[in-house]
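These figures come from a predicted structure and were not determined experimentally. Note: hydrogens, waters and symmetry copies are ignored here, and every other heavy atom, side chains too, is used. Residue numbering restarts at 1 for every chain, and letters A, B, ... go by the order of the sequence lines.
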Amino acid sequence: MLYVFENIRPFNLKAVLDGGQAFRWKEENGRFVGIVKNRFLAVDYSENTLSVEINESSSSKEEDIRFIMDYFDLDRDYLTLEEELTKEYPELKKAIEDGSGNRILHQDPWETLISFIISANNSIPNIKKVIERLCEKYGSPIDYKGKTYYTFPSPDALSNLSEEEISCTRCGFRGKYIIKAAKMVQSGEVDLRKIEKLDTKDAVKELIKIPGVGVKVAGCILLFAYRKYDSFPVDVWIKRAVEEIYFDGCQKNIKEIIDFARKKFGERAGFVQQYLFYYFRGKSI
DNA sequence: TGCCAGGCCTTCC
DNA sequence: GGAAGGCATGGC
């Protein structure tokens, strides 16, 4: 089934799907192919038009359309957002122009939780590989047009693994965190649905109860899965970017940077973070 | 070989 | 409560 959305702009597919917020997308013959929840998607964008091919499933057309609009945040006016941010923060002009069309996806909390546990002290290419092995090994197959794809494994599928078993994914020291996180979610000790209702600070407190989740990983989960746009996850790139732009290159600690960003960017901190990450990381690769 | 990657945990003051 | 080390793995 093919769905076409016109008048969508700006939209930078590569920035969105290959920019370090989602890890399961692959570029294939000029379009991006990936698995979201239990669906196969192939996405293409040109001339202000977004085309999304989805495998046949039990869901209705209306459900598919709602799902796509929700996942890609199509209801938001990013053109105005970029204009406002550029006007209000001229020092970010280059980063926003460079990353124009970047968007923040609305991803599944469970998948985002595990993905960002894996992201700790890791590189994006390697994170993708580990997640792919995790899905192939413990996810469910989806057959489409002669190829087999795999869903992201459920909490149940991961909660009973031993550290030795999960080490086949090459996840390294994070294996024990993944298993423990799965146990906590599966048993209900952590309720991922409840996080939605909390404000960002309380949500961080709740998430960092999970081993392998610190302030940065929690920030990513809240931004990419819970649409908490005042979240400002600070990794090595964001730290450098903020120090360079706002502190004349002087070193600041993480907490200082978060507090600064919250105050300066407020409810739009997450978007700013995404433009900065894409721009500063892109400069070095 | 050494250093770094969308950091976190433990230990030690 | 803040500063250091350690940590699996892969790429350069």
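- Between A:Val36 and A:Phe67, some side-chain heavy-atom pair lies under the 4.5 Å cut-off.
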Worked verdict on A:Asn102 versus A:Phe271 for side-chain contact (heavy atoms from CB on, under 4.5 Å): CA-CA 9 Å; A:Asn102 207 340; A:Phe271 298 103; over 6 Å; no
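- Looking at heavy-atom distances under 4.0 Å, A:Glu163 makes no contact with the nucleic acid at all.
- Phosphate contact (OP1/OP2 of C:dG11, side-chain N/O of A:Lys129, threshold under 4.0 Å): present.
- Summary of the strand contacts: A:Val234 and A:Pro211 both lie near DNA chain B, and taking for each the nucleotide with the nearest heavy atom, the more 5' one is attributed to A:Val234.
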Using nucleotides 11-13 of chain B, report all nitrogen or oxygen pairs with the protein that are shorter than 3.5 Å.
none

A:Phe23 and A:Phe116: ring-ring contact (aromatic ring centres under 6.0 Å, His included), yes or no, with the steps? CA-CA 10 Å; A:Phe23 302 102; A:Phe116 280 91; 5.3 Å; yes
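- Applying the 4.0 Å criterion to OP1 and OP2 of B:dC8, one finds that A:Arg174 has every side-chain N and O outside that range.
- Comparing atom distances between the A:Trp237 side chain and each of B:dG7, C:dG10, B:dA5 picks out B:dA5 as nearest.
- For the pair A:Arg24 and A:Phe152, the cation does not sit on the ring face, since its NZ or CZ is not both under 6.0 Å from the ring centre and inside 45° of the axis.
- Closest non-hydrogen pair, A:Ala261 versus A:Ala269, comes out as O-CB, 4.2 Å.
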Give the dot-bracket line for DNA chain C from 5' end to 3' end: parentheses for intra-strand Watson-Crick or G-U pairs under 3.5 Å, square brackets for crossings, | for inter-strand pairing, dots for unpaired. |||||||.||||
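- In this model, the phosphate group of C:dT9 is not approached by any side-chain N or O of A:Arg133 to a distance below 4.0 Å at OP1 or OP2.
- Each of A:Arg281 and A:Ile210 lies near DNA chain B, and the nucleotide nearest A:Arg281 is the one positioned closer to the 5' end.
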